[in-house]
Asks: 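Mind looking over this structure? Questions follow.
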2 protein chains.
Amino acid sequence: MNQKIEKKPFPESCRVHLQAIDDTMDILNGKWKIRILGVLSFGTRRFMELQREVEGIGSKMLSKELKELEINELVKRTVYDTKPVTVEYEITEYGKTLHVIIGEIAKWGAQHRKRILRSGTVRKPVAA
Amino acid sequence: MNQKIEKKPFPESCRVHLQAIDDTMDILNGKWKIRILGVLSFGTRRFMELQREVEGIGSKMLSKELKELEINELVKRTVYDTKPVTVEYEITEYGKTLHVIIGEIAKWGAQHRKRILRSGTVRKPVAA
DNA sequence: CAGAATCCCCGAAGATACTG
DNA sequence: CAGTATCTTCGGGGATTCTG
């Protein structure tokens, strides 16, 4: 049975803020996208290089995630007409606008790691 | 010695950076955590309120994600000994250190939305 | 209300093989 | 090399029910 507590639905300003968060997260979904962008932030990469550098990802997933990033114009794919075809991926100018976010994520991660180590306990970054 | 340009596995500095990104993402995994933190950033919330405000989440998922956030000391759970028990969730001081990230995410989302609208096409934030 | 327990399904994602 | 195609498995997560 549905309980109704009916409080104020939610201030509009809050909804907008949350909507914005969702907009971003819809694009950066999947556990690989951020990581892929992280690797690409160091420069152009070929498919195989990415697969090697994004630890644990399979070719199918990599292909799929890259395609999604490309659709959203965050990554650019370039094909070179060599004998065995060569493909390079790089972050677009628009994609670079994400660097602020990724930078903050990296910064926090570094701080967090220090915190974990400092706190004697053998606790590790637990997720699940 | 070796004159050939070695394909270094990956510069150490880069690995550290990527590791930091992973550390953060391991904690903010799942499609709900960021959203939950976003809602909680507006203040203390009860279980049902969260479920209503984090659109689409089920009680099982909400419970699970909250537990994980609690383990990582990003969220604090308080139980009040009322007739039907009352439970409140709030962001911890440590959790607030994530506000920078979440703020940037929201900022980017807002910008992105504008960009999408501006670009005539009916393109919408595509994820998959 | 706050959640745990159950049942169950569908899609994410791995492994493998194949192609231009 | 850079993917695509196919098959299959596994568990995330939804719906529902139950309890303190």
Side-chain angles (χ1 to χ4, degrees), chain A residues 1-9 22 25-36 39-40 43-71 75-91 126-128, chain B residues 5 7 9 22 25-36 39-40 43-71 75-91 126-128:
Chain A
M1 195 185 288
N2 289 330
Q3 285 287 347
K4 13 182 67 177
I5 316 173
E6 289 312 335
K7 276 181 83 173
K8 49 246 166 176
D22 286 346
M25 297 317 288
D26 281 347
I27 287 178
L28 300 181
N29 65 6
K31 63 174 168 179
W32 303 112
K33 295 215 179 62
I34 304 262
R35 177 63 188 257
I36 290 172
V39 169
L40 286 179
T44 294
R45 287 288 186 283
R46 295 176 57 178
F47 192 84
M48 286 302 278
E49 293 177 323
L50 276 172
Q51 189 168 2
R52 236 178 305 113
E53 289 159 9
V54 178
E55 194 174 1
I57 197 171
S59 69
K60 192 172 70 174
M61 274 306 102
L62 178 55
S63 174
K64 179 191 151 211
E65 304 261 284
L66 281 171
K67 215 169 288 177
E68 293 173 5
L69 289 172
E70 206 191 338
I71 288 176
V75 163
K76 175 154 160 278
R77 177 176 179 271
T78 310
V79 182
Y80 294 98
D81 195 14
T82 52
K83 16 208 162 173
V85 88
T86 300
V87 179
E88 287 193 341
Y89 292 91
E90 64 185 311
I91 296 197
V126 178
Chain B
I5 298 176
K7 253 204 174 167
D22 287 346
M25 296 318 288
D26 280 347
I27 287 178
L28 300 181
N29 66 4
K31 63 174 167 180
W32 304 111
K33 297 217 179 58
I34 305 263
R35 178 61 189 258
I36 291 173
V39 170
L40 286 179
T44 295
R45 286 290 186 281
R46 295 176 57 178
F47 193 83
M48 288 300 279
E49 293 177 324
L50 277 172
Q51 188 167 4
R52 236 179 306 112
E53 288 159 10
V54 178
E55 195 173 0
I57 196 171
S59 70
K60 192 172 74 174
M61 275 305 103
L62 179 54
S63 174
K64 178 190 150 214
E65 304 260 282
L66 281 171
K67 214 170 289 178
E68 293 173 6
L69 289 172
E70 206 190 337
I71 288 176
V75 163
K76 175 154 161 279
R77 177 175 179 272
T78 309
V79 182
Y80 294 98
D81 195 14
T82 53
K83 21 205 163 171
V85 87
T86 300
V87 179
E88 288 193 340
Y89 292 90
E90 64 185 310
I91 296 197
V126 178

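Below, read A as the first sequence line, B as the second, and so on, with proteins coming before strands; counting in each chain starts at 1. All values below come from the heavy atoms of this structure, side chains included, with hydrogens, waters and symmetry mates left out.
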Asks: In whole Å, what is the span from the NZ atom of A:Lys83 to the C1' atom of C:dG20?
Replies: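 These atoms are roughly 16 Å apart.
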Asks: Out of D:dT4, C:dC1, D:dA2, which has the shortest distance to the side chain of A:Lys67?
Replies: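 Within the option list, the nearest is D:dT4.
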Asks: Any idea which of D:dA2, D:dT4, C:dT6 is nearest the A:Thr86 side chain?
Replies: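 From the listed options, D:dA2 comes nearest.
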Asks: What's the NZ-P distance between B:Lys31 and D:dG12, to the nearest Å?
Replies: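 The answer, rounded to whole Å, is 13 Å.
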Asks: Check the pair B:Arg35 / A:Met25 against side-chain contact (heavy atoms from CB on, under 4.5 Å), numbers first and verdict last.
Replies: CA-CA 9 Å; B:Arg35 178 61 189 258; A:Met25 297 317 288; over 6 Å; no
Asks: Does B:Gly56 or A:Phe47 map to a spot on DNA chain D nearer the 5' end, using the closest nucleotide for each?
Replies: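 Nearest nucleotide further toward 5': that of A:Phe47.
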Asks: Could you state the CD-C1' distance from A:Glu65 to C:dA13, rounded to the nearest angstrom?
Replies: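 In whole Å, C:dA13 C1' lies 10 Å from A:Glu65 CD.
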Asks: In whole Å, what is the span from the CD atom of B:Gln51 to the P atom of C:dA4?
Replies: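 B:Gln51 atom CD is separated from C:dA4 atom P by 13 Å.
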Asks: Return the nearest nucleotide to the side chain of B:Lys60; candidates are C:dA13, C:dC1, C:dC7.
Replies: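 Nearest to the side chain of B:Lys60 among the choices is C:dC7.
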Asks: Just how far is it from atom NZ of A:Lys31 to atom CG of B:Asp26, taken to the nearest 0.5 Å?
Replies: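 Output value for this atom pair is 9.5 Å.
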Asks: Is the count of non-hydrogen atoms from other residues, nucleotides or ligands lying under 6.0 Å from A:Glu90 atom CD greater than 12?
Replies: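 More than 12 heavy atoms, drawn from other residues, nucleotides or ligands, come within 6.0 Å of this atom.
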Asks: When the nearest nucleotide of DNA chain C is assigned to A:Val85 and to A:Ile57 on a heavy-atom basis, which residue is associated with the more 5' position?
Replies: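 With A:Val85 and A:Ile57 compared, the 5'-side residue is A:Ile57.
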Asks: Pick the closest DNA chain C nucleotide for B:Ser63 and for A:Met61 by heavy atoms, then say which residue is nearer the 5' end.
Replies: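 Its nearest nucleotide lies further toward 5', so the answer is B:Ser63.
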Asks: Remember a base hit wins even if backbone is also touched, and classify A:Ser59 as base, sugar-phosphate or nothing at under 4.0 Å, heavy atoms.
Replies: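 Base contact - A:Ser59 has a heavy atom under 4.0 Å of at least one base atom.
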Asks: Which of these, A:Glu53, A:Glu88, A:Gln51, sits in a side-chain hydrogen bond (donor to acceptor under 3.5 Å, both in side chains) with A:Arg45?
Replies: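 With A:Arg45 as partner, A:Glu53, A:Glu88, A:Gln51 yield a single side-chain hydrogen bond (donor to acceptor under 3.5 Å, both in side chains), made by A:Glu53.
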Asks: Counting side-chain heavy atoms from C-beta on, which of D:dC7, D:dG20, D:dA2 comes nearest to A:Arg46?
Replies: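 Among D:dC7, D:dG20, D:dA2, the one nearest the side chain of A:Arg46 is D:dA2.
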Asks: Return the nearest nucleotide to the side chain of A:Pro84; candidates are D:dT4, D:dC1, C:dA13.
Replies: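 My answer, after comparing the listed nucleotides, is D:dC1.
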Asks: Between atom CD in A:Glu70 and atom C1' in D:dG3, what is the gap in whole Å?
Replies: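 Answer to the nearest Å: 13 Å.
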Asks: Counting any heavy atom closer than 4.0 Å, what does A:Tyr89 reach on the DNA or RNA strands: base, sugar-phosphate only, or nothing?
Replies: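 Sugar-phosphate contact only - A:Tyr89 comes under 4.0 Å of backbone atoms but never of a base.
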Asks: Can you list the steps and then say if A:Lys64 with A:Glu68 is a side-chain contact (heavy atoms from CB on, under 4.5 Å)?
Replies: CA-CA 6 Å; A:Lys64 179 191 151 211; A:Glu68 293 173 5; 3.1 Å; yes
Asks: Atom NZ of A:Lys64 and atom C1' of C:dG11: how far apart are they, to the nearest Å?
Replies: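 Going from A:Lys64 (NZ) to C:dG11 (C1'), I get 10 Å.
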Asks: If I take atom CD in residue A:Glu49 and atom C1' in nucleotide D:dC1, what distance separates them, rounded to the nearest angstrom?
Replies: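 About 11 Å, once rounded to whole Å.
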Asks: Can you measure B:Asp81 atom CG to C:dC1 atom P for me and round it to whole angstrom units?
Replies: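 After rounding, the reported distance stands at 18 Å.
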Asks: Report yes if a side-chain nitrogen or oxygen of B:Arg77 is closer than 4.0 Å to either non-bridging phosphate oxygen (OP1 or OP2) of C:dA2; otherwise report no.
Replies: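 Answer is no, no contact under 4.0 Å.
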